[in-house]
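Data block below; observations after.
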Amino acid sequence: MLREFQPSLIVLLRFAGIYLLLFLVYQTYLNRTEPQGLDPFSRSVAQQVKKIQEFAGYETTLHHVQELRAERFAINGKFVSRMVEGCNALSVMILFASFVLAFYKGFQTVWFVLGGIIFLHLMNIFRIMGLNIVLYEFPQYGKVTHDYLFPGFIYGMVVILWLVWIQFFAVKKR
């Protein structure tokens with residue numbers, strides 16, 4: 001009976017091992033950058049969101065709050081949100097990459113992971129921008145948007161990428 005489930009167990013163990021390794025690397029990065037306040041990658045994401053919001057016509061300023069480990073967004077002088085480490089989507093990207101790498105199928109896997117991470121990064125920037133605009137224009141919808149709509153959006157993108165990976169790359173056609 002174990003032979004029947006061996007391929008599934010191998011994929012599951014690969015996923016767990018890759019996820020654990022990437023999680024530990026990320027945690028080490030966060031621990032080393034803690035004295036700076038918000039980590040450099042998250043600050044970079046905030047800067048990218050600021051630039052795109054300004055391109056869309058929303059005058060945006062960022063205020064670093066070291067003791068909160070956050071960047072505060074203000075649109076047209078009005079504080080709308082604060083970005084913390086969890087907003088950078090790196091943990092989502094780690095989850096995505098771990099799953100795809102568990103089904104390793106040669107070099108195409110690396111390309112798919114890199115492309116997927118870039119795609120998720122861009123979607124996350126637009127997610128944060130969308131949230132900021134909702135909080136600025138329609139603050140009454142801020143909680144439902146932050147807690148349900150936009151998390152569903154980013155995790156939905158991960159599921160779509162996984163489905164594409166499984167459908168077109170991981171499963172061999174018979």
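Heavy-atom basis, side chains included; hydrogens, waters and symmetry copies ignored.
Judged by distance alone, with hydrogens and angles left aside, the side-chain atoms of Q48 form no donor-acceptor pair with the main-chain N or O of L122 at under 3.5 Å. Between the side chain of S98 and the main chain of I94, a donor-acceptor pair closer than 3.5 Å is present.
No more than 12 heavy atoms of other residues, nucleotides or ligands sit less than 6.0 Å from atom CZ of F126. Other residues, nucleotides and ligands contribute only 12 or fewer heavy atoms inside 6.0 Å of the CZ atom of R82. More than 12 heavy atoms of other residues, nucleotides or ligands shown are found within 6.0 angstrom of OH on Y29.
For the ring pair (Phe, Tyr, Trp, His ring centres under 6.0 Å) with F112, the lone residue among F168, W165, F107, W162 that qualifies is W165. When V158, I118, I117, L22 are each tested for a side-chain contact (heavy atoms from CB on, under 4.5 Å) with M93, only one passes: I117.
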Q.
Is there a side-chain contact (heavy atoms from CB on, under 4.5 Å) between L120 and F96? Walk through the geometry before answering.
A. CA-CA 9 Å; L120 291 171; F96 160 74; 3.8 Å; yes

Q: Take L95 and F15 through the test side-chain contact (heavy atoms from CB on, under 4.5 Å) and record every step on the way to the result.
A: CA-CA 9 Å; L95 185 66; F15 168 78; 3.9 Å; yes

With a 3.5 Å cut-off and sequence neighbours excluded, list the donor-acceptor pairs that the side chains of residues 68-75 form with protein atoms.
from : atom 1 : to  : atom 2 : distance (Å)
R69  : NE     : G37 : O      : 3.1
E71  : OE2    : R43 : NE     : 2.9
E71  : OE2    : H64 : ND1    : 2.8

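Interatomic distance, I52 CD1 to K50 NZ, rounded to the nearest 0.5 Å: 12.0 Å. Put simply, OG on S91 and CD on Q27 are 10.5 Å apart, with the number rounded to the nearest 0.5 Å. Within the model, atoms CZ of F119 and CG of L161 stand 5.5 Å from one another, a figure rounded to the nearest 0.5 Å. Here OH of Y19 is found 14.5 Å from CZ of F99. Values are rounded to the nearest 0.5 Å. Atom OG of S44 sits about 6.0 Å away from atom NE2 of H121, to the nearest 0.5 Å. The CG atom of L90 sits 8.5 Å away from the CG atom of N124 when rounded to the nearest 0.5 Å.
Linking ILVMFWY residues whenever their side-chain heavy atoms come closer than 4.5 Å, directly or via other members, leaves V84 and I125 in distinct clusters. Both L101 and L24 sit in one connected hydrophobic cluster of ILVMFWY residues. Membership requires side-chain heavy atoms under 4.5 Å apart, directly or through other members. Under a hydrophobic-cluster definition in which Ile, Leu, Val, Met, Phe, Trp and Tyr are linked whenever side-chain heavy atoms come within less than 4.5 Å, directly or via other members, M83 and V65 are assigned to different clusters. Hydrophobic clustering of Ile, Leu, Val, Met, Phe, Trp and Tyr side chains at less than 4.5 Å, counting indirect connections, unites I18 with F23. Both F153 and V164 belong to a single network of hydrophobic side chains, linked directly or stepwise wherever heavy atoms of I, L, V, M, F, W or Y lie under 4.5 Å apart.
Between T33 and D39, the side chains place no donor N or O within less than 3.5 Å of an acceptor N or O (distance only, hydrogens not considered). With 3.5 Å as the limit, one finds a donor-acceptor pair spanning the side chains of Y26 and E85.
The minimum heavy-atom distance between C87 and I128, with the atom names listed, is O-CD1, 3.5 Å.
Listed by first and then second residue, the salt bridge (charged side-chain N to carboxylate O under 4.0 Å, His left out) pairs that reach into residues 120-149 are K143-D147, sequence neighbours excluded.
With sequence neighbours excluded, the residues satisfying side chain to side chain donor-acceptor pair (under 3.5 Å) with Q53 are T60, N132.
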